Undergrad: 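The following block contains the structure, expressed as structure tokens.
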Amino acid sequence: MSVITPITMPKFGLAMTEGKLAGWSVAPGSTVSAGQEIADIETSKITNGYESPASGVLRRQVAAEGETLPVGALIGVLAEGGTSDAEIDAFIEQFQSAFSDSDTQGDADAAPARPVLVDVDGLSLQVQDMGQGNGLPVLLIHGFGGDLTNWLLNQDVLAAQRRVIAFDLPGHGGSTKQVGDGTPAALAAITARLLETLGIARAHVVGHSLGGAIALELARTHPDRVASLGLIAPAGLGPDINMAFIEGFITADRRKTLEPVLALLVNDPSLITRNMVEGIIRFKRLDGARQGLETIAAACFPNGQQKDALRDVLASFSGPVQVIWGEADQILSPAAAQGLPASIPVTLLPQTGHMPQMEKATQVNDLLVSVLHDTP
Amino acid sequence: MSKKSFRQAINEALRQEMRRDPRVILMGEDVAGGQGGSSGVTDAWGGVLGVTKGLYTEFGPERVLDTPITEASYIGAAAGAAATGLRPVAELMFVDFVGCCLDQIMNQAAKFRYMFGGKARTPLVIRAMYGAGFNAAAQHSQALYPIFTHIPGLKVVVPSSPYEAKGLLIEAIRDDDPVIFLENKVMYDDEEEVPDEAYTIPFGEANLTREGNDVTLVAFGRMVGFANEAADRLAKDGISCTVIDPRTTSPLDSATILDCVADTGRLVIVDESSPRCNMATDVAALVAEEAFDALKAPIRRVTPPHTPVPFATVLEKLYLPDVGRIEAAVRSVMGYKARQEA
Amino acid sequence: MQIARDILLHSYRSMRTIREFEERLHTEFATGEIPGFVHLYCGEEASAVGVCAHLGESDTIASTHRGHGHCIAKGVDVEGMMAEIYGRSTGVCRGKGGSMHIADLARGMLGANGIVGGGPPLICGAALSHKLLKTDGVAVAFYGDGASNEGTTLESLNLASVWKLPAVFVCEDNGYGEATGASYACAGTQKDRAAGFGMPYFECDGSDFFAVYETAGEAIAHARSGKGPVMLHVHLARWYGHFEGDAMSYRASDEVAQARKDHDCLSAFRTRTTGAGLLEGASLDDIDSAVRTRIEAAVQAAKAAPLPEQEDLMRDVYVSY
């Protein structure tokens with residue numbers, strides 16, 4: 001009996017329930033090796049390359065390009081060259097009937113941890129709280145214009161042995177549109193209060209972009225609460241910032257004007273899916289969203305430059321720190337990572353834009369996890 | 001964010017806008033219900049299908065006004081109130097009743113601004129139910145959005161889901177022009193995730209609910225869901241469809257339709273309104289004129305026949321476009337072979 | 001009833017302005033220079049002026065296709081009106097409305113109206129605005145005996161009563177709806193119609209400014225006090241046809257001549273005010289001559305004014321689109 005490997009719709013992040021086969025990268029009959037990218041899968045947030053789970057010949061493309069299928073559905077069949085067509089057909093038939101049975105049985109265990117609203121000093125914050133275990137919790141802080149779904153490719157990996165908290169900053173996503181004075185200090189203060197509210201005394205803090213500056217502020221004002229810092233394309237390390245993005249993001253109110261602005265975020269603009277744009281537009285349509293963003297931008301980036309210099313925090317912070325940056329970042333230049341204390345590892349990812357945690361999720365996850373394991 | 005029905009989404013939009021702006025008022029037949037009844041119960045109905053339930057209780061008789069069953073006077077009053085400082089949302093119950101008050105919409109509200117040389121603003125919303133599928137027969141089932149679309153000065157909204165309905169209705173209420181907002185009565189119990197906060201969806205920007213390479217489907221209101229379902233079925237056979245929900249028939253996002261047809265080269269339009277001079281003919285004319293070279297196959301229209309809406313379930317089912325007919329239309333344009341020149 | 005001198009002078013000036021405006025249009029229309037069609041208000045001036053004498057700028061009126069008189073009485077710019085009727089870009093509606101759609105919302109003039117019975121529902125809405133926005137204002141619908149039979153009017157009488165609106169329904173009864181007599185087309189009486197809706201009814205001779213002034217004052221005060229809508233029935237005579245060019249073959253040959261002789265509000269006003277020593281003939285003569293000069297200038301200005309530009313075609317369909 002030959003070895004036949006089903007290629008199924010992968011699950012990128014806990015929230016993913018279905019995906020669209022955006023395109024096949026290899027033709028039927030091609031020999032592929034394990035880890036080779038064989039298809040592009042489009043989720044509600046981003047398009048991702050899908051790596052073959054095994055080596056062999058791609059015998060069938062079961063799913064057509066453009067087809068949307070639930071997670072776990074058969075999209076292709078991999079087998080050794082000698083396997084007969086009849087064996088392949090029988091395998092597909094058996095898989096499909098088993099899959100449709102399981103489909104009807106319901107998949108309650110697969111339900112993602114839904115974000116909930118948490119009241120913090122009278123302000124409502126949308127929080128996604130997942131994972132459990134003995135490890136110190138991880139707090140994920142997204143950047144300007146982002147939301148907690150920026151972490152969907154990271155949360156489940158990080159949550160293997162610990163709580164992972166992702167939340168929408170004030171002025172973002174499903175959280176309050178009251179942003180106070182909009183400074184990183186103000187946003188860090190409410191972040192600290194969120195940790196208290198959730199009963200978390202100490203956490204690994206991972207911040208992306210403006211979330212990096214907020215993480216640095218948090219380390220400065222509450223060093224006891226921050227076990228380690230993971231800074232992904234962080235703000236706060238230098239004055240430069242691409243204001244075309246900031247201003248474009250604030251003013252774009254239609255899909256057609258927003259798309260080119262979002263393209264600045266990534267190395268490969270085809271990663272920006274229609275659903276991703278729609279999700280952001282939906283947030284921007286909310287009453288007060290624009291004013292919140294304007295307040296934050298005015299407080300953080302007056303006169304076209306970053307206002308807060310937080311480099312010195314790194315000199316005094318005693319926990320582990322690492323910096324991850326995309327070499328092709330068009331929003332914040334990785335040049336800002338130069339001249340940091342030698343003890344801080346800086347990883348520059350080639351062909352990566354401002355969203356390494358999405359564009360290079362596997363690598364970023366490996367880097368983040370390594371710190372988690374090393375820290376008590 | 002929580003799951004809300006189409007009905008709840010509309011109720012929430014009205015409630016939030018009435019809280020935000022004291023000039024926003026509601027009027028219509030039985031929008032509260034119970035006035036003058038022997039039981040003394042007010043807010044007895046909250047609209048004939050319960051869409052405005054609870055608003056009378058919160059905002060009182062000054063802002064939630066039950067009207068006599070006299071469409072001409074209260075729709076005209078809504079127009080007059082809009083021109084003089086209020087922001088009325090008038091409910092016409094069934095859009096079929098427009099026959100009783102078309103003058104107030106067509107000759108008055110729609111034309112004030114132009115006739116008066118730009119000096120008028122008429123921030124009026126007229127909500128009405130449309131659509132077949134409830135055995136409501138010929139006088140309570142029509143999809144009359146083409147009639148309004150035909151009239152310059154009106155904006156016309158045909159929402160396709162609860163999320164769309166809330167954002168588009170808030171936009172309509174904040175808009176300074178007269179807006180006809182049409183709700184498919186069959187969809188009131190449809191549910192989806194809808195933000196709790198107020199938000200607006202701009203007019204004249206189509207929503208792409210599917211993106212594909214082979215066929216562009218343009219569908220309106222309830223037909224958007226049907227088109228999506230057909231697209232999902234067709235994808236299993238490797239036929240990939242773009243589905244466009246124009247959201248508003250006036251203004252119409254022609255650019256998005258033309259862009260998508262340029263990409264796919266094939267067009268199927270799904271329209272619940274009667275086939276002559278409807279949105280399907282309008283979109284077909286647009287594409288024939290502006291994107292003729294892009295077409296690989298004739299344009300197909302999926303519409304009801306040119307008959308009144310019938311009563312009997314079996315006939316009404318035959319009358320309405322359905323997923324199967326959409327699917328068949330897509331397959332037919334995919335199978336089209338141009339005649340070879342001799 | 002004592003009426004202040006300045007109100008008398010102002011009212012006479014308004015009536016004379018309407019008369020001069022309309023007579024001049026009658027002449028000018030015959031030259032073929034005025035596009036479209038016009039409906040003249042000559043003979044009915046005291047109605048518009050006597051009613052509007054009780055209204056401020058924040059009160060609202062809606063008019064009819066025979067609307068020039070109401071516009072002038074409500075303070076709409078006369079020169080702008082003339083330019084509008086000539087289809088000029090300096091017109092009050094930038095040449096896009098014409099005679100039947102003259103409006104000036106800033107002056108509470110919700111528009112002349114090309115649709116018979118178009119105004120009463122709008123006035124219910126304007127009255128609702130006054131009530132809910134607590135402006136202390138009233139809204140007045142002028143409508144003819146023809147429109148009194150429209151469903152919209154009857155529905156509005158009901159709605160205004162149901163909602164207890166500060167609305168005044170002024171039925172200007174000139175005896176004809178187009179070419180059909182009210183004696184044929186109107187069943188019952190206006191008085192009984194008002195009673196049918198539980199609405200106070202007032203009536204007066206529309207060729208007597210003093211009668212209109214006094215009756216309208218009472219009617220409007222009732223509506224303004226919050227007691228609900230009223231009907232004011234004004235008996236009038238139309239001196240010209242339904243529209244200019246109407247040969248009026250449906251009217252007896254001496255009917256109009258008789259009306260001009262016996263029911264001229266301007267000469268009646270002069271006789272009464274000068275006879276009672278309220279005004280001097282010279283003051284009225286001065287107004288006559290000033291008005292004549294003004295209308296002459298308005299006509300010349302309108303004829304010389306620029307026509308609308310091509311881009312005006314697309315402008316102002318919507319606030320935004």
Side-chain angles (χ1 to χ4, degrees), chain B residues 22-23 25 27 35-36 61-63 65-86 88 90 100-101 103-104 106-124 152-155 175-178 202-204 248 250-251, chain C residues 60 62 84 89 91-98 100-106 108 110-115 117-133 135 137 139 141 150-160 162-163 165 308 312 315-321:
Chain B
R23 298 170 301 169
I25 61 163
M27 63 170 81
Q35 302 278 344
E62 284 221 322
R63 295 183 65 199
L65 294 123
D66 273 329
T67 67
I69 305 176
T70 56
E71 291 81 9
S73 66
Y74 80 80
I75 294 293
T84 53
L86 293 173
C100 299
C101 57
D103 178 67
Q104 284 64 45
M106 174 175 74
N107 287 323
Q108 312 294 339
K111 294 186 170 50
F112 285 162
R113 186 167 182 81
Y114 195 79
M115 287 192 308
F116 301 166
K119 288 182 191 163
R121 275 168 196 262
T122 313
L124 163 68
L154 299 179
K155 293 174 178 170
D175 196 283
D176 277 340
D177 290 308
F203 292 166
T248 53
S250 179
Chain C
T60 315
E84 184 62 31
S89 68
V92 286
C93 303
R94 296 182 183 145
K96 292 167 76 170
M100 272 192 289
H101 305 301
I102 294 172
D104 191 345
L105 273 74
L110 201 44
N113 210 308
I115 305 296
L122 302 177
I123 274 318
C124 289
L128 184 65
S129 288
H130 287 304
K131 184 176 175 177
L132 298 190
L133 299 173
T135 65
E150 284 278 10
T152 52
T153 304
L154 296 164
E155 284 189 15
S156 296
L157 296 175
N158 182 63
L159 184 66
V162 167
W163 282 352
L165 296 175
D312 291 322
R315 186 181 293 159
D316 292 328
V317 182
Y318 296 91
V319 177
S320 61
Y321 195 62

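Everything numeric here is computed off the predicted structure, so don't read it as measured data. In what follows, every chain begins at residue 1, and chains take the letters A, B, ... in the order their sequences are listed.
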Undergrad: Counting only heavy atoms closer than 4.5 Å, note whether C/Thr135 contacts chain B via side chain, backbone, both or neither.
TA: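 Nothing of C/Thr135, per the 4.5 Å heavy-atom cut-off to chain B.
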Undergrad: I'd like to check the side-chain hydrogen bond (donor to acceptor under 3.5 Å, both in side chains) partners of B/Asp177; sequence neighbours left out, ordered by chain and number.
TA: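 Partners of B/Asp177 under the side-chain hydrogen bond (donor to acceptor under 3.5 Å, both in side chains) test: B/Lys155.
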Undergrad: For C/Leu105, which atoms come within 4.5 Å of any heavy atom of chain B: side chain, backbone, both, or neither?
TA: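 The side chain, not the backbone.
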Undergrad: If I measure from the heavy atoms of chain C, does B/Leu154 come under 4.5 Å with its side chain, its backbone, both, or neither?
TA: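 Looking at B/Leu154, just its backbone touches chain C.
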Undergrad: Can you tell which of B/Ala83, B/Ala79, B/Gly204 has the highest number of heavy-atom pairs within less than 4.5 Å of chain C?
TA: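 Going by pairs under 4.5 Å, I would pick B/Ala83.
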Undergrad: Please flag which part of B/Thr122 lies under 4.5 Å from any non-hydrogen atom of chain C: side chain, backbone, both or neither.
TA: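 It is neither, since no heavy atom gets under 4.5 Å.
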Undergrad: For B/Gln35, is it the side chain, the backbone, both or neither that has a heavy atom under 4.5 Å from a heavy atom of chain C?
TA: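 It is neither, since no heavy atom gets under 4.5 Å.
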Undergrad: So which part of C/Leu128 gets closer than 4.5 Å to some heavy atom of chain B, the side chain, the backbone, both or neither?
TA: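 Interface part for C/Leu128: both.
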Undergrad: At a heavy-atom separation under 4.5 Å, does B/Glu62 approach chain C through its side chain, its backbone, both, or neither?
TA: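 Contact with chain C involves both backbone and side-chain atoms of B/Glu62.
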Undergrad: Among all residues two or more places apart in sequence or in another chain, which pass the ring pair (Phe, Tyr, Trp, His ring centres under 6.0 Å) test with B/Tyr74?
TA: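 None.
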Undergrad: Would you mind reporting whether C/Leu159 and B/Pro68 have side-chain heavy atoms less than 4.5 Å apart?
TA: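 Yes; the side chains approach each other to less than 4.5 Å.
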Undergrad: Please find the pair of heavy atoms, one from B/Phe116 and one from C/Gly111, that lie closest to each other, and give the distance.
TA: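 Minimum heavy-atom contact is CZ-CA, 4.1 Å.
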Undergrad: Calculate, to the nearest 0.5 Å, the distance between atoms NZ and CG belonging to C/Lys131 and B/Leu86 respectively.
TA: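 Rounded to the nearest 0.5 Å, the NZ-CG separation comes out at 12.0 Å.
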Undergrad: Answer whether the closest heavy-atom distance between the side chains of B/Gln108 and C/Asn113 falls below 4.5 Å.
TA: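 Counting from C-beta outward, B/Gln108 and C/Asn113 do come under 4.5 Å.
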Undergrad: Report which part of B/Asp103 has an atom under 4.5 Å of a heavy atom belonging to chain C: side chain, backbone, both, or neither.
TA: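 The side chain, not the backbone.
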Undergrad: Apply side-chain contact (heavy atoms from CB on, under 4.5 Å) to C/Trp163 and B/Ser73, showing your working.
TA: CA-CA 12 Å; C/Trp163 282 352; B/Ser73 66; over 6 Å; no
Undergrad: Check the pair C/Thr152 / B/Gln104 against side-chain contact (heavy atoms from CB on, under 4.5 Å), numbers first and verdict last.
TA: CA-CA 9 Å; C/Thr152 52; B/Gln104 284 64 45; 3.5 Å; yes
